[in-house]
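Here the structure is laid out as structure tokens; the discussion comes afterwards.
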Amino acid sequence: MMKIAKIKSFSATILVVVFGLTSCSDFFDVSPDNAIKESDFYRNKEDLNAGAFGMYESLSQEAHKLLLWGDARADMVTTGQKDPDPYINEFVMNNISSTNPYTNYAGIYRTIARCNRQMEKVYDVMKLDETIADRDAGAFYGEALLLRSLCYYYLVRTFDKFPVILSDYAEEITYISETGDTISEPTLHLTSDQIRGLYHMPQDKQEVWTLIYNDVLTAMGVLPLNYKWNGYNLSSKERYGRISQPVASTLAAEIALWLGEYQSASSFCDICIKNNNHSLGTSGTWPTQFTSSYASPHSMFLLGYQYDKSFQTNKLQEFTSSVRANGGKYYLKPVSSIVDEIFKDDISSKDSDIRSTFSYKVIEGDTVIWKYIGLDNVSSMRPAFQSDASWMLVRSADVYLLKAIADLRLNNYASAFNFVNMIRAARGLEILDKTVFNYTNTELMDSIIFTERAREFAFEGKRWYDLMFRSTLNGENVLAKTVARKYPADQRSAVFARLQDEKNWYVPVDPKLWE
């Protein structure tokens, strides 16, 4: 099993790196004719705010890839087309080629680059704009740092090989020369060959995990609590569309779990659970986080789209709708036998789980992922070609289920059991009876918690990572066994054998990037 060592120290030295995602000339083209000149930007608080929105904008274009990386490969999703798109089908079949365009992580690095630029400019702008207080500058810095950490969190779980970039490569590059000297010079002065020779790959994944954890802890200490930026409360659009301190503590809890720091994870969860601005809501309000333009207290951090005002769209409708007239290409659909089994609840006397009736549906004979095309819990669909469903990154339910995992690992069975029941009650299910349910059975509770995660976050890009995580926790390759179930009987053994090798858990990248 993949092992991740516990963090013993909060210090790490990571070399500054650079690499080309496409051609070097394109990647480092920082001053096109129609661009805003550097001297005209980053002058005041408004420019920092605009820079922040730019960070999120680049990540919002990657939602469909996050669906492929985190769900298409897992057990709950298959292709909807009789003649599948070959590139999409590679993810469904878990046999991805390095030249598949959906393996391209340039968009993630675009976000990282914008985060790096924001961090390097914050305190320069503070000197120019006297209205920016120390806490405000720290908030802008922490926001960029945490968003960059989230990007690396996706990369470290998705790819086996990728570089780490910690400085604003578009302006200046710092590297170690062959003679051991530290060299700093403008990127545009370097040749393409020099740029290709500068990138440094991390020695191992532990180096990246340490970096992410340290940065998340740093961000958690400087981010604003409950979305107060520059002394003002944010609108609902900005509130859920921007990173905050509760988001940082949730991410810290999740990473701590991956690293085996269970007590820390449990404590980080408490920060959010005690925050009155976030709640599990009720079963009646659960769908609104997907149907409304911007969500409810269910949500903590999302990528939002507003078709009516700025024509921002995503590809989620295209990927999941079976209605061609609405722009649907039906690339992906639920595996009916798997999702029916996962959403079946033998405890409740009636089928009242709101998640089972809103996450997926049968529409005109086609089983579809409903979260990104539905406007209600019955049959109303989003208007044609208006793919403005939000992509959820962190929700309040994350915290409760992470807390259950952490407390189970600490042998605090009563607490883990209690948090599972909180989720069940909020989604319309009967709670489990402590007097008859064997809640001190670790293996049983582990299964119950991860089943609740499957129900809660179905088709939200988390399933594959949950299976990786559960395999790591238990020292057993749960991923291979679980994913193989979705294939026809004559294919299962081959898929199981392939996924028994943990190297095949990761998406390959084009080797030409590293030549």
Side-chain angles (χ1 to χ4, degrees), residues 1-2 62-80 84-85 87-96 100 102-103 153-160 254 258 316 319-320 330-344 355-356 359-360 367-372 391-393 397-398 401 405 446-447 449-474 476-488 491-508:
M1 266 306 102
M2 173 178 59
E62 304 301 301
H64 62 292
K65 291 182 184 176
L66 302 182
L67 180 63
L68 287 175
W69 298 351
D71 272 311
R73 298 186 289 160
D75 58 326
M76 297 171 67
V77 172
T78 188
T79 181
D85 176 278
Y87 292 124
I88 301 291
N89 201 44
E90 285 186 356
F91 281 87
V92 171
M93 298 304 295
N94 268 290
N95 194 15
I96 307 164
N100 188 312
Y102 296 110
T103 67
Y153 185 48
Y154 273 106
L155 291 172
V156 77
R157 295 174 300 160
T158 307
F159 300 95
D160 191 41
E254 190 166 345
W258 277 86
L316 298 175
F319 273 45
T320 60
Y330 203 34
Y331 288 142
L332 302 173
K333 73 173 184 179
V335 181
S336 296
S337 60
I338 299 292
V339 294
D340 287 346
E341 178 185 335
I342 288 174
F343 279 94
K344 181 182 179 182
R355 299 169 299 187
S356 65
S359 296
Y360 67 105
T367 305
V368 296
I369 297 171
W370 189 246
K371 281 183 175 178
Y372 307 116
W391 177 258
M392 301 294 167
L393 290 166
D398 271 295
L401 290 170
I405 294 170
D446 180 81
S447 176
I449 293 170
F450 278 96
T451 297
E452 284 300 330
R453 283 189 62 86
R455 293 170 177 164
E456 182 70 27
F457 305 116
F459 320 120
E460 295 181 37
K462 299 192 178 194
R463 180 61 171 170
W464 181 268
Y465 304 120
D466 270 5
L467 293 173
M468 287 179 66
F469 177 40
R470 192 177 176 196
S471 297
T472 301
L473 280 176
N474 297 329
E476 175 190 355
N477 196 331
V478 178
L479 185 148
K481 180 171 62 177
T482 303
V483 172
R485 295 189 311 151
K486 81 173 179 180
Y487 298 96
Q491 298 177 17
R492 289 174 191 164
S493 59
V495 173
F496 177 79
R498 186 160 64 246
L499 295 179
Q500 279 289 97
D501 185 348
E502 294 179 18
K503 292 181 180 178
N504 294 324
W505 292 3
Y506 299 98
V507 173

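Worth knowing before you read on, the calculation uses all heavy atoms, side chains too, and leaves out hydrogens, waters and symmetry mates.
In terms of modelled atom types and a separation under 3.5 Å, the side chain of Asn474 and the main chain of Glu476 share no donor-acceptor contact. Formation of a donor-acceptor pair under 3.5 Å by the Asn100 side chain with backbone atoms of Tyr87 is found in this model.
Not counting sequence neighbours, the partners of Asp75 by the salt bridge (charged side-chain N to carboxylate O under 4.0 Å, His left out) test are Arg463, Arg485. Applying the ring pair (Phe, Tyr, Trp, His ring centres under 6.0 Å) criterion to Tyr154, with sequence neighbours excluded, gives no partner residue. Evaluation of the side-chain hydrogen bond (donor to acceptor under 3.5 Å, both in side chains) rule for Tyr360 yields Asp340 as partners, not counting sequence neighbours. Partners of Lys486 under the side-chain hydrogen bond (donor to acceptor under 3.5 Å, both in side chains) rule, at least two apart in sequence or in another chain, do not exist in this structure. Residues forming a side-chain hydrogen bond (donor to acceptor under 3.5 Å, both in side chains) with Asn94 (at least two apart in sequence, or on another chain): Tyr487.
Ion pairing between a basic and an acidic side chain is recognised when a charged N comes within 4.0 Å of a carboxylate O; Lys462 and Asp71 show no such pairing. The pair Lys65-Glu62 meets the salt-bridge criterion, with a side-chain N (NZ, NE, NH1 or NH2) lying under 4.0 Å from an Asp/Glu carboxylate O.
Separating the CZ atom in Arg470 from the CD1 atom in Ile449 is a distance of 9.5 Å, to the nearest 0.5 Å. In this structure, Asp85 CG and Glu90 CD are separated by 9.0 Å, a value rounded to the nearest 0.5 Å. Note that CD1 of Ile342 is 11.5 Å distant from CZ of Arg355, once rounded to the nearest 0.5 Å. Remark: Tyr372 OH to Ser359 OG distance equals 9.0 Å, nearest 0.5 Å. For the atom pair Asn89 CG and Asn95 CG, the distance stands at 9.5 Å (nearest 0.5 Å). Remark: Leu401 CG to Glu452 CD distance equals 7.0 Å, nearest 0.5 Å.
Scanning both residues, Ser471 and Trp505, for their nearest heavy atoms gives CB-CH2, 3.8 Å. Of all non-hydrogen atoms in Pro508 and Ile96, the two that sit nearest each other are CG-O, 3.2 Å. Minimum interatomic distance between Gly461 and Trp391 (heavy atoms only, all atoms of both residues): N-CH2, 3.7 Å. Closest heavy-atom contact between Phe343 and Ala458: CZ-CB, 4.1 Å.
A cation-pi contact, defined as under 6.0 Å to the ring centre and within 45° of the axis, is absent between Arg73 and Phe91. Annotation: cation-pi geometry not satisfied between Arg498 and Phe496 (NZ/CZ under 6.0 angstrom from ring centroid, within 45° of ring axis).
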Would you list the atom pairs, donor with acceptor, under 3.5 Å between side chains in residues 330-338 and any protein atom, with sequence neighbours excluded?
{"from": "Tyr330", "atom 1": "OH", "to": "Thr367", "atom 2": "N", "distance (Å)": "3.4"}
{"from": "Tyr330", "atom 1": "OH", "to": "Thr367", "atom 2": "O", "distance (Å)": "2.6"}
{"from": "Ser336", "atom 1": "OG", "to": "Thr367", "atom 2": "OG1", "distance (Å)": "3.4"}

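Using a 4.5 Å heavy-atom cutoff, the side chains of His64 and Tyr102 are in contact. Counting heavy atoms from C-beta on, the side chains of Ile369 and Phe319 never come closer than 4.5 Å. Counting only heavy atoms from C-beta outward, the side chains of Phe450 and Leu473 approach each other to under 4.5 Å. Here the side chains of Lys371 and Thr320 are not in contact, with every heavy-atom distance at 4.5 Å or above.
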* side chain to side chain contact (heavy atoms under 4.5 Å, CB included) evaluation trace for Met93 with Val495 -> CA-CA 8 Å; Met93 298 304 295; Val495 173; 5.8 Å; no

* Asked: Could you walk me through whether Tyr153 and Glu254 pass the side-chain hydrogen bond (donor to acceptor under 3.5 Å, both in side chains) check?
  -> CA-CA 10 Å; Tyr153 185 48; Glu254 190 166 345; 2.8 Å; yes

* **Derivation of the side chain to side chain contact (heavy atoms under 4.5 Å, CB included) call for Asn477 and Leu499** => CA-CA 9 Å; Asn477 196 331; Leu499 295 179; 5.5 Å; no

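For Phe159 and Trp69, the ring centers are positioned less than 6.0 Å apart.
Looking at Tyr465, Trp464, Tyr506 one by one, the single match for side-chain hydrogen bond (donor to acceptor under 3.5 Å, both in side chains) with Thr158 turns out to be Tyr465.
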